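Quantities reported herein were computed from a predicted structural model and do not represent experimental measurements. Only heavy atoms go into these numbers, but all of them, side chains included; no hydrogens, no water, no symmetry mates.
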Amino acid sequence: MDTPLLDAVRSISVRDWVALGQVLLRIALIVVAAWAVSLVGNRMFRMVIARLLRTASEDRADRLETLGRVFGNGLSVVVALLVGMLILDVLGISVAPILATAGVVGIAVGFGAQSLIKDYFSGFFLLVDDQLRQGDIVQIAGIDGGVEKVTLRYVRLRDYEGNVHFVPNGQIGIVTNRSRD
């Protein structure tokens with residue numbers, strides 16, 4: 001008893017099966033190579049961070065771990081995008097229109113998320129420049145209090161009355177740190 005699916009499979013020539021096998025092999029090699037790059041890259045980040053953590057104070061250690069996660073996630077996103085484009089290319093789908101569309105969408109999202117991007121860049125430099133740490137007594141954006149948490153997006157600040165303020169890093173212009181020296 002033959003089915004239409006079996007008839008269709010039988011009608012495919014050996015050359016077509018070989019071509020399909022080659023495409024699947026290329027895709028598998030791309031995925032394996034991407035997995036290896038991601039694994040090696042993340043291990044390298046962890047090794048560098050672990051080496052820096054040996055001599056780091058507790059607050060610097062938190063900062064280094066945050067930066068390590070940021071770089072590791074960034075690497076994973078870049079590798080995933082490259083894998084997607086390479087697989088589409090192997091399948092014969094032109095990536096040029098996709099890249100052009102992504103560029104236009106990226107510009108639109110960039111304008112729309114400008115404050116969010118500003119927050120992340122400002123947070124990155126707050127961490128790198130070591131301007132404030134968890135536990136410091138500071139004045140930020142006109143608010144006096146203790147720093148409870150520093151992230152790439154915001155600083156969580158508790159004022160002297162017990163109120164918690166979330167100050168986006170992009171709004172931090174001047175930091176007065178009363179805990180330093």
### Query
More than 12 non-hydrogen atoms from neighbouring residues, nucleotides or ligands closer than 6.0 Å to CZ on R156, yes or no?
yes
### Message
What verdict does the side-chain contact (heavy atoms from CB on, under 4.5 Å) test give for I87 and V31, after you've listed the backbone C-alpha separation in whole Å, the side-chain angles of each residue and the deciding distance to 0.1 Å?
### Response
CA-CA 9 Å; I87 288 175; V31 170; 4.1 Å; yes
### Message
With a 6.0 Å cut-off (strictly less than), is the heavy-atom count around CG of L91, excluding the residue itself, greater than 12?
### Response
yes
### Message
side-chain contact (heavy atoms from CB on, under 4.5 Å) for M47 and M44? Distances and angles first, verdict last.
### Response
CA-CA 5 Å; M47 285 174 34; M44 285 176 49; 5.6 Å; no
### Query
In Å, rounded to the nearest 0.5 Å, how long is the span from CD1 of I172 to NZ of K118?
11.0 Å
### Query
Are the side chains of V48 and R51 in touch, meaning some heavy atoms are under 4.5 Å apart?
no
### Query
Closest heavy-atom contact between G41 and L75?
CA-CD2, 3.5 Å
### Query
Transitively linked via ILVMFWY side-chain contacts under 4.5 Å: I98 with L82?
yes
#### Entry: Approximate separation, where rounding is to 0.5 Å, of I137 CD1 and L132 CG
11.5 Å
#### Entry: Y160 OH: over 12 foreign heavy atoms closer than 6.0 Å
yes
### Task
Ignoring hydrogens and angles, state whether a donor on the side chain of D136 or N177 is under 3.5 Å from an acceptor on the partner side chain.
yes
## Note on the structure
So OG of S122 and CD1 of I117: to nearest 0.5 Å the spacing works out to 11.5 Å
### Query
Taking everything shown except Q139 itself, do over 12 heavy atoms lie less than 6.0 Å from its CD?
yes
### Query
Are any of the side-chain heavy atoms of L126 and V155 separated by less than 4.5 Å?
yes
### Task
Begin with the C-alpha distance, continue with both residues' side-chain angles, and end with the deciding distance and a verdict on side-chain contact (heavy atoms from CB on, under 4.5 Å) for V40 and R43.
CA-CA 5 Å; V40 169; R43 275 208 181 143; 5.7 Å; no
### Task
Evaluate the ring planes of Y154 and F166, with Trp represented by its six-membered ring, and classify them as parallel (under 30°), tilted (30 to 60°) or perpendicular (over 60°).
perpendicular
### Task
Flag the pair L157 / V164 as yes when at least one side-chain heavy-atom distance between them is below 4.5 Å, and no otherwise.
no
### Message
Heavy-atom count check: over 12 atoms from other residues, nucleotides or ligands less than 6.0 Å from R178 CZ?
### Response
yes
### Query
L81, V79: one ILVMFWY side-chain cluster at the under-4.5 Å cut-off?
no
#### Entry: Minimum side-chain heavy-atom gap V138-T176 below 4.5 Å
no
### Message
Nearest 0.5 Å, please: how far is CD1 in I140 from CD in Q131?
### Response
9.0 Å
### Task
Could you tell me whether the side chain of F124 reaches within less than 4.5 Å of the side chain of L152, counting heavy atoms only?
yes
### Query
Checking D119 side chain against G170 main chain: does a donor-acceptor pair fall under 3.5 Å?
yes
### Atom pair CG/CZ of D130 and F125 - distance to nearest 0.5 Å
14.5 Å
### Message
I want to check something: taking the side chain as every heavy atom from C-beta on, are N73 and V77 in contact at a cut-off of under 4.5 Å?
### Response
no
### S76 side, atom OG; N42 side, atom CG - distance, nearest 0.5 Å
4.5 Å
#### Entry: Minimum heavy-atom distance Q134-V150, with the two atoms named
N-CG2, 4.4 Å
### Message
I'd like to know whether CZ of R153 has more than 12 heavy-atom contacts from other residues, nucleotides or ligands below 6.0 angstrom.
### Response
yes
### Query
What heavy-atom pair brings V90 and R26 nearest, and what distance separates the two atoms?
CG1-CB, 4.0 Å
